[in-house]
Amino acid sequence: MTKVKLGVAATRRNMFSREDAIRHKNMVLERLRRLDVDFVDIDWLNADGLLYDVCFVDAVEDRFKAEKVDALFLPHCNFGCEEATCKLAKRLGVPVMLWGPRDDAPQPDGLRLRDSQCGMFATSKVLQRMGVPFTYVENCWIDDPLWQDELLKFLRVAAVVKAFRSMKIGQIDTRPGDFWSVMYNEAELLEKFNIETVPYTLVEVAADMDAKLKNDRQTLTPAVEQIKRDYTFDFDEECLYKMAAMKQVIREWADKNGLSAIAVQCWNAMQDITGIMPCAINAMLTDEGLPVVCETDVCGAITAVLAQQAMGDQPIFFADVTVRHPTNDNAELLWHCGPFPASLRREGCEAHLGLHYTLASECPGVCEWELKHDEVTIVRFDGIGGKYSLLAAKGYGVDGPKSRGTYLWTEFKDWPALERKLMYGPYIHHVAGVYGDAIPVLEEALRYMPGMADDIVRD
């Protein structure tokens, strides 16, 4: 997951208990430390370490921007200062988490110490008036498991938003000529979402591979030996060196350009120029945290980044939505020639690299295994006519007939309804799959992604 730095600006209002607000602020900071959250606080700001006056906003803004915080947490340790917190949130322009500790019972004399919930009602109204999206976490005790769950979810939301706002997609050559469906508007993605594409032609890839094979062959040997250990294969060792060279030059190019993901023209020019399929390389790089998607589908690469960040610690798999299950009306085959990470394969499935079984060239480098059966979320970002949306739906891996390539039969709650969404939406047959339930994170992240419609399928 993209590393997220949290700015923590705890707040209070003067008419409520200063001491109790400080106590709760310290509890919050200690809990964040125990969870190993990377955060910047405001203990340096004043004797309280609390934001209780608008005069402090400039200093906090300057410090948080200097520290490059990616998200803002506003613990309302008593009622809170709505003017100061909302101005700070507006200026920072990052995802905002609004929460306050559950209020204690009134004192024996009838006085209340904090009224945190009441203050959050006020702050939420001002945030909305100022056009600042925010994530509200239910008013609860800090030791309630809900608090930790929602905090960690918010950090994943912030990671999705950070990745989306700073995305660079590598494009290896043009789309395959027959694939009109993967057309995209490069300038519009840059203007609308600040998503940049970085080109790399197949001629350049092949030249860089040749240079590796001729001049730096010894640097490829460790990768070749690792492939021998981790996979079975039915082609000669020279093909393994070509695979290692392709993987290394793509990784070096991606690192040099700070790429978030890559869309590659995987056929047919690739085989003609290099003599191998890139499927296994796609799978290996994706398994290492750099999503590589097929058929120069740039919108698919964007999708892959969003899906990966939503779950944080899992590689994605990039699939064709292909055919319905022969006996299960709610199940569909998620398939591709071989770019699914080997770490996701079903227990007992051999990690096998083979020759392409449908292309006339029968090039080496495809993968063949079934993925594990578990909860999975499929995701698709796409657009037509300047209107973009995000589709996501949950399913579960199920048994089905064997397929060549990498595959997973997946059952959904209502496949016909999801099929209609895919048909009528601005989508194609490509989705990114990620294990687990990514829906809560993605739907929350959409609050911070203006210009993208919510097309999420909820239970």
How would you list, by chain and number, every residue that makes a side chain to side chain donor-acceptor pair (under 3.5 Å) with E191, sequence neighbours excluded?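 E191 satisfies side chain to side chain donor-acceptor pair (under 3.5 Å) with no other residue.
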With ring centroids as reference points, do H430 and F318 lie under 6.0 angstrom apart? yes
Do F233 and F235 have ring centres separated by under 6.0 Å? yes
Between T303 (side chain only) and A432 (backbone N and O only), is there a donor and an acceptor less than 3.5 Å apart? no
Between H336 (side chain) and G338 (backbone), is there a donor-acceptor pair under 3.5 Å?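 Absent.
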Distance-only donor-acceptor check, side chains Y357 and E368, under 3.5 Å: no
If you look only at pairs with a residue in residues 261-303, which of them pass as a ring-ring contact (aromatic ring centres under 6.0 Å, His included), with sequence neighbours excluded? F179-W267
Can you confirm whether E347 is buried at CD, in the sense that more than 12 heavy atoms of other residues, nucleotides or ligands lie under 6.0 Å from that atom?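 No.
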May I have the list of side-chain donor-acceptor pairs in residues 411-418 shorter than 3.5 Å, sequence neighbours left out?
from: E411; atom 1: OE2; to: N328; atom 2: ND2; distance (Å): 3.4
from: D414; atom 1: OD1; to: A417; atom 2: N; distance (Å): 3.3
from: W415; atom 1: NE1; to: E419; atom 2: OE1; distance (Å): 2.8

Under 4.5 Å between any side-chain heavy atoms of [X] and [Y], yes or no?
| X | Y | value |
| --- | --- | --- |
| L390 | L446 | yes |
| Q148 | R31 | yes |
| L371 | Y407 | no |
| P364 | H356 | no |
| S181 | H429 | yes |
| V198 | Q171 | no |
| S343 | D287 | yes |

Step-by-step side-chain contact (heavy atoms from CB on, under 4.5 Å) determination, L6 to V69: CA-CA 6 Å; L6 189 65; V69 301; over 6 Å; no
Using the side-chain hydrogen bond (donor to acceptor under 3.5 Å, both in side chains) rule, collect all pairs that involve residues 35-44, keeping only residues at least two apart or in two chains.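 As it turns out, the side-chain hydrogen bond (donor to acceptor under 3.5 Å, both in side chains) pairs with a partner in residues 35-44, which skip direct neighbours, are K25-D43.
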Please say which of V441, V4, L442 ends up in a side-chain contact (heavy atoms from CB on, under 4.5 Å) with R156.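 With R156 as partner, side-chain contact (heavy atoms from CB on, under 4.5 Å) holds for just one option, V441.
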How are the rings of F381 and F193 set to each other: parallel, tilted or perpendicular (split at 30° and 60°)? perpendicular
How are the rings of F73 and W99 set to each other: parallel, tilted or perpendicular (split at 30° and 60°)?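 Taking W99 first and then F73, their aromatic rings sit tilted (interplane angle of 30° to 60°).
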Taking the six-membered ring of F39, is NZ or CZ of K5 closer than 6.0 Å to its centre and within 45° of its axis? no
Quick one: salt bridge (Lys or Arg N to Asp or Glu O under 4.0 Å) pairs with a partner in residues 226-236, sequence neighbours left out?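 Sorted result for residues 226-236: E225-K228, K228-E237.
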Which residue pairs satisfy the salt bridge (Lys or Arg N to Asp or Glu O under 4.0 Å) criterion with at least one member in residues 171-183, sequence neighbours excluded?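 Listed once each, the pairs would be none.
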After noting the C-alpha distance and the side-chain angles of Y231 and M284, does the key distance pass the side-chain contact (heavy atoms from CB on, under 4.5 Å) rule? CA-CA 11 Å; Y231 301 89; M284 293 172 192; 3.7 Å; yes
